[in-house]
Protein chains: 2
Amino acid sequence: MEQLPNMRLTTQRQIILEELSKVTSHPTANEVYDMVRRRLPRIGLGTVYRNLELMADVGVILKLEVGGTQKRFDATVEPHYHVRCSSCGKVDDIDIAVQEQINQVAEKASNYKILGHHIEFSGICSDCMGKNQETDIN
Amino acid sequence: MEQLPNMRLTTQRQIILEELSKVTSHPTANEVYDMVRRRLPRIGLGTVYRNLELMADVGVILKLEVGGTQKRFDATVEPHYHVRCSSCGKVDDIDIAVQEQINQVAEKASNYKILGHHIEFSGICSDCMGKNQETDIN
DNA sequence: TAGGTATTGATAAACGTTATTAAACAGCAT
DNA sequence: ATGCTGTTTAATAACGTTTATCAATACCTA
């Protein structure tokens with residue numbers, strides 16, 4: 001899983017990281033693929049998956065396993081929380097203080113060795129708010 | 001998505017709900033399928049998926065979209081938090097107070113209409129703690 | 001009992017992700 | 001430069017989970 005030695009900084013890896021860093025959204029592997037493909041039309045989807053996974057393992061990027069079916073990736077590795085729009089599925093950062101102390105609370109309340117936590121809010125983004133004013137929401 | 005009228009309480013639905021209610025784990029659809037199949041050997045996997053989805057829509061059960069590849073289901077619908085073992089993937093409840101006030105904090109810090117939140121802790125369960133004492137952890 | 005709707009089981013299809021593989025490539029020592 | 005060695009790639013196949021399709025069946029109402 002972790003191999004720092006002999007890990008090359010290839011053009012593909014560089015551009016994947018660059019493109020991911022450009023956006024504040026939290027793109028899926030497929031979305032990253034689309035972004036990267038504009039600059040490297042011959043890149044394979046497998047390469048994108050492989051390297052996103054690799055970078056997440058090494059800790060250069062963050063792999064989010066949030067609601068919805070796809071994994072999402074984030075160039076910001078500092079701990080922070082997320083909101084997911086229940087309507088369109090988009091994920092944004094939420095800039096509120098990280099509750100580090102609840103890890104200890106959770107550890108006391110369980111017999112797990114707690115390593116960390118993540119908070120995912122669910123809501124309706126302003127875009128969908130406008131569109132689906134009176135429409136069904138889910 | 002939501003159809004309360006003309007929704008029949010079939011044997012299949014009854015047993016799916018019964019079996020899910022029996023366990024405190026948070027089984028995947030496949031695990032529910034296995035449990036139910038012991039009592040209804042001819043039930044189809046599709047039926048299990050369809051009805052778990054349906055019950056979650058109606059609100060009888062909870063669909064958890066936690067880390068890992070599969071969705072998990074929970075007969076306890078009252079809001080509560082979860083821990084996921086990073087080693088074996090199992091999900092348990094964490095019995096700590098639900099932080100309802102952070103929804104408002106989050107709403108102020110974003111332009112989402114916040115509907116709710118979920119906290120997922122990650123850690124190592126006692127089982128894996130024993131086994132992989134000095135082993136790699138992921 | 002007959003007619004209409006809801007539901008089922010079986011199967012196929014869709015979707016996201018991971019594994020496989022031959023070819024291309026980078027670095028290094030001759 | 002040339003060849004050696006290991007890494008990475010693109011393409012493709014395989015995989016696991018979930019959803020859709022559909023004919024057959026079960027249930028409800030009259």
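All values derive from a computational prediction rather than experimental measurement.
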Starting at atom [atom1] of [X], determine the distance to atom [atom2] of [N], rounded to an integer number of angstrom.
{"X": "E53(B)", "N": "dT19(D)", "atom1": "CD", "atom2": "C1'", "answer": "9 Å"}
{"X": "L40(B)", "N": "dG9(C)", "atom1": "CG", "atom2": "P", "answer": "7 Å"}
{"X": "L54(A)", "N": "dT17(C)", "atom1": "CG", "atom2": "P", "answer": "17 Å"}
{"X": "L9(A)", "N": "dC25(C)", "atom1": "CG", "atom2": "C1'", "answer": "15 Å"}
{"X": "M55(A)", "N": "dT8(D)", "atom1": "CE", "atom2": "P", "answer": "11 Å"}
{"X": "M7(A)", "N": "dT8(D)", "atom1": "CE", "atom2": "C1'", "answer": "11 Å"}
{"X": "D57(B)", "N": "dT18(D)", "atom1": "CG", "atom2": "C1'", "answer": "14 Å"}
{"X": "E65(B)", "N": "dT17(D)", "atom1": "CD", "atom2": "C1'", "answer": "13 Å"}

Quick one: side chains of residues 32-40 of chain B, donor-acceptor pairs under 3.5 Å with protein atoms, not counting sequence neighbours, listed by atom name and distance.
unit_1, atom_1, unit_2, atom_2, d
D34(B), OD1, R37(B), NH2, 2.7
R39(B), NH1, E18(B), OE1, 3.0
R39(B), NH1, E19(B), OE2, 2.8
R39(B), NH2, E18(B), OE1, 2.9

Between L115(B) and S86(A), the two heavy atoms sitting closest are CD1-OG, 4.0 Å
*asked:* My understanding is that only residues two or more places apart in sequence, or in another chain, count here; which of them pass ring pair (Phe, Tyr, Trp, His ring centres under 6.0 Å) with F73(B)?
replied: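 With sequence neighbours excluded, F73(B) shows a ring pair (Phe, Tyr, Trp, His ring centres under 6.0 Å) to no residue whatsoever.
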Item checked: 5' priority, DNA chain D, between R8(A) and Y49(B) [closest heavy atom] ->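 By nearest-heavy-atom nucleotide position, the 5'-most residue is R8(A).
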Pairwise salt bridge (charged side-chain N to carboxylate O under 4.0 Å, His left out) hits with a residue in residues 88-97 of chain A, at least two apart
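Residue pairs passing salt bridge (charged side-chain N to carboxylate O under 4.0 Å, His left out), neighbours aside: K90(A)-D127(A).
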| said: Is there a continuous path of hydrophobic side-chain contacts, each under 4.5 Å between heavy atoms, that joins V23(A) to L52(A)? | reply: no
**Request:** Determine yes or no for a side-chain-to-main-chain donor-acceptor pair under 3.5 angstrom, with Q12(A) supplying the side chain and T47(A) the backbone.
**Result:** no
Exercise for review: Just compare dT19(D), dG9(C), dT18(C) and give me whichever is closest to any side-chain atom of I43(B).
Suggested key: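 Closest of the options to the side chain of I43(B): dG9(C).
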Stretch residues 10-35 of chain A: residues that reach within less than 4.0 Å of DNA chain C through a heavy atom: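 Within residues 10-35 of chain A, no residue comes under 4.0 Å of DNA chain C.
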Within residues 67-77 of chain B, the residues having a heavy atom closer than 4.0 Å to DNA chain D are Q70(B), K71(B)
Check: According to the interplanar angle, ranging from 0 to 90°, do the rings of H26(B) and H82(B) count as parallel (below 30°), tilted (30 to 60°) or perpendicular (above 60°)?
Finding: perpendicular
Establish, with yes or no, whether the OP1 or OP2 oxygen of dA20(D) is under 4.0 angstrom from a side-chain nitrogen or oxygen of R50(B).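 No.
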(message) Can you list everything that forms a side chain to side chain donor-acceptor pair (under 3.5 Å) with K63(B)? Sequence neighbours excluded, please.
(response)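 Per chain and number, K63(B) pairs via side chain to side chain donor-acceptor pair (under 3.5 Å) with E53(B).
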Worksheet entry | Toward the 5' end of DNA chain C, by each residue's nearest nucleotide, G46(A) or R42(B) |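 The residue mapped nearer the 5' terminus is R42(B).
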Close side-chain approach of L17(A) to I61(A), heavy-atom, < 4.5 Å: yes
